[in-house]
Engineer: 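This is the structure I want to talk about, given as structure tokens.
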There are 2 protein chains.
Amino acid sequence: MKNSTKLDVDLFENLKLELRRGCLIVAVLAQLRQEHYGYTLRKALDDLGLAIDEGTLYPLLRRLETQGLLVSEWREENKRNKRFYKLSRQGELILQQLLQEWQTINASLERILQEA
Amino acid sequence: MKNSTKLDVDLFENLKLELRRGCLIVAVLAQLRQEHYGYTLRKALDDLGLAIDEGTLYPLLRRLETQGLLVSEWREENKRNKRFYKLSRQGELILQQLLQEWQTINASLERILQEA
DNA sequence: AATACATACTATGTGTAACACAGTATATAT
DNA sequence: ATATATACTGTGTTACACATAGTATGTATT
């Protein structure tokens, strides 16, 4: 029968996804300091423990390119066409700022955890 | 004239908000190991460097209660009625899991950053 | 040579939730 | 009497993830 919608999905899974969401953007930007294309980028993140669905990663890449953080090139490699992405100049700047924010958040969370 | 929509808002601000979003949930849950009401919870988070808009915090609290992670009580204190929230049993469990996930993400991000 | 599987990306619909903005209301200070 | 801080509620818009499905080519297997 299996009639599962987003509603039945395990509550913790959803919260975990929400927690990852913002972090994934940082992870993607950081990875793209070196050129990658979607498929291997996804594998790389997966290996690092940051699994991301195709239907999430590809739209994210396009969105980040639209926002000017990435630049891409459609190129042939090993007889196959692939879209290669890498960080733009602006992307580098934003990445640095986001990493700083990340530190701040980390510090805040650690302070909260020490409270109780 | 001022015709600002979400689109004109500074790009970095949006990304920062996205990064915070998931973390805020963890921060809120962690803070609510001790009872708080909305207003002081917000101030506390603000002091920790995790500023959150009223229009974001209150709906979040209601949502987390609906999901069973928080329990609340409408009570008078200093001649004013306030809604006091605290972590439920299930909330404690979820918080522990989310903190674990947080460690994992942190470790992954650090590995990425060491790469280049 | 046919089939299956891995690779690689695209397209569309739906649901959720943040955020902007505005509103309600009481206590305290000036 | 008025302003300000406190404390919460309500509504609409926008944006994005995720689910799902589709397209298409290369390589390995039988």
Engineer: Would a distance-only check, ignoring hydrogens and angles, find a side-chain to backbone donor-acceptor pair under 3.5 Å from N78(A) to R80(A)?
Structural biologist: no
Engineer: To the nearest 10°, let me know how far the axis at one end of the helix from dA1(C)-dT30(D) to dT30(C)-dA1(D) is tilted from the axis at the other, five pairs an end.
Structural biologist: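 Between the first-five-pair axis and the last-five-pair axis there is 20°.
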Engineer: Provide, to the nearest angstrom, the distance between the NE2 atom belonging to H36(B) and the P atom belonging to dA7(D).
Structural biologist: 13 Å
Engineer: If you round to the nearest 0.5 Å, how far is CD1 of I52(B) from CZ of R21(B)?
Structural biologist: 10.5 Å
Engineer: Under the side-chain hydrogen bond (donor to acceptor under 3.5 Å, both in side chains) definition, can you give me all pairs with a residue in residues 55-70 of chain A, not counting sequence neighbours?
Structural biologist: R63(A)-E18(B), E65(A)-S72(A)
Engineer: Grab the two heavy atoms, one from L109(B) and one from A27(A), that are nearest each other, plus how far apart they are.
Structural biologist: CD2-CA, 3.9 Å
Engineer: Atom NZ of K79(A) to atom C1' of dA28(D): distance rounded to whole Å?
Structural biologist: 14 Å
Engineer: Tell me whether the side-chain N/O atoms of R21(A) come closer than 4.0 Å to OP1 or OP2 in dC18(D).
Structural biologist: yes
Engineer: Can you check the I25(A) CD1 to dC16(D) C1' distance for me, whole Å?
Structural biologist: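 It is 9 Å, rounded to the nearest whole Å.
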Engineer: Nearest whole angstrom, please: distance from the C1' of dA20(C) to the CG of L17(B).
Structural biologist: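 Taking atom C1' of dA20(C) as the reference, CG of L17(B) is at 12 Å.
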Engineer: Scan residues 86-108 of chain A for pairs that pass ring pair (Phe, Tyr, Trp, His ring centres under 6.0 Å), counting only residues two or more places apart or in two chains.
Structural biologist: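 Non-adjacent pairs meeting ring pair (Phe, Tyr, Trp, His ring centres under 6.0 Å): W102(A)-W102(B).
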Engineer: Separation of E18(B) atom CD from dC16(D) atom C1', in whole Å?
Structural biologist: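 Distance, rounded to whole Å: 7 Å.
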Engineer: For R42(A), what residues pass the side-chain hydrogen bond (donor to acceptor under 3.5 Å, both in side chains) criterion, not counting sequence neighbours?
Structural biologist: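 side-chain hydrogen bond (donor to acceptor under 3.5 Å, both in side chains) check on R42(A) returns nothing, list empty.
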Engineer: Taking S88(A) for the side chain and V71(A) for the main chain, is one N or O donor matched with an acceptor at less than 3.5 Å?
Structural biologist: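 Not at all, since once roles are kept as given, no pair shorter than 3.5 Å links the two residues.
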Engineer: Within residues 97-107 of chain B, find the residues that approach DNA chain C with a heavy atom at under 4.0 Å, and present them sorted by residue number.
Structural biologist: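 Heavy-atom contacts with DNA chain C come from no residue of residues 97-107 of chain B; none.
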Engineer: Closest approach to the side chain of Y37(A), judged atom by atom: which nucleotide of dA8(C), dC19(C), dT10(C) is it?
Structural biologist: dA8(C)
Engineer: Of the listed nucleotides (dC9(C), dT26(C), dC8(D)), which one gets closest to any side-chain atom of R80(B)?
Structural biologist: dT26(C)
Engineer: Counting neighbours of CD on Q100(A) that are heavy atoms of other residues, nucleotides or ligands and sit closer than 6.0 Å, is the number greater than 12?
Structural biologist: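 12 or below, so no.
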Engineer: Hey, are R20(A) and E101(B) close enough for a salt bridge, meaning a charged N less than 4.0 Å from a carboxylate O?
Structural biologist: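 Salt bridge between R20(A) and E101(B), a charged N being under 4.0 Å from a carboxylate O: yes.
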Engineer: Which of residues 45-71 of chain A sit near DNA chain C, with a heavy atom under 4.0 Å from it?
Structural biologist: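 Correct list: E54(A), Y58(A), R62(A).
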Engineer: How many angstroms lie between CZ in R83(B) and CZ in R75(B), if you round to the nearest 0.5 Å?
Structural biologist: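 Taking CZ in R83(B) and CZ in R75(B), the distance rounds to 11.0 Å.
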Engineer: Given atom CG of N78(B) and atom P of dC8(D), what is their separation to the nearest angstrom?
Structural biologist: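 Distance, rounded to whole Å: 13 Å.
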Engineer: Identify which nucleotide among dA8(C), dT10(C), dA18(C) has an atom closest to any side-chain atom of Y39(A), counting heavy atoms from C-beta outward.
Structural biologist: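 Closest nucleotide among those given: dA8(C).
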Engineer: Is any side-chain N or O of K82(A) closer than 4.0 Å to OP1 or OP2 of dA8(C)?
Structural biologist: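 For K82(A), the contact criterion (side-chain N or O under 4.0 Å from OP1 or OP2 of dA8(C)) is met.
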Engineer: Nearest-Å distance, CZ (R20(A)) to C1' (dC18(D))?
Structural biologist: 14 Å
Engineer: Please state whether the phosphate of dT6(D), meaning OP1 or OP2, lies under 4.0 angstrom from any side-chain nitrogen or oxygen of K43(B).
Structural biologist: yes
Engineer: Using atom CG of L19(B) as one end and atom C1' of dC19(C) as the other, report the distance to the nearest whole Å.
Structural biologist: 17 Å
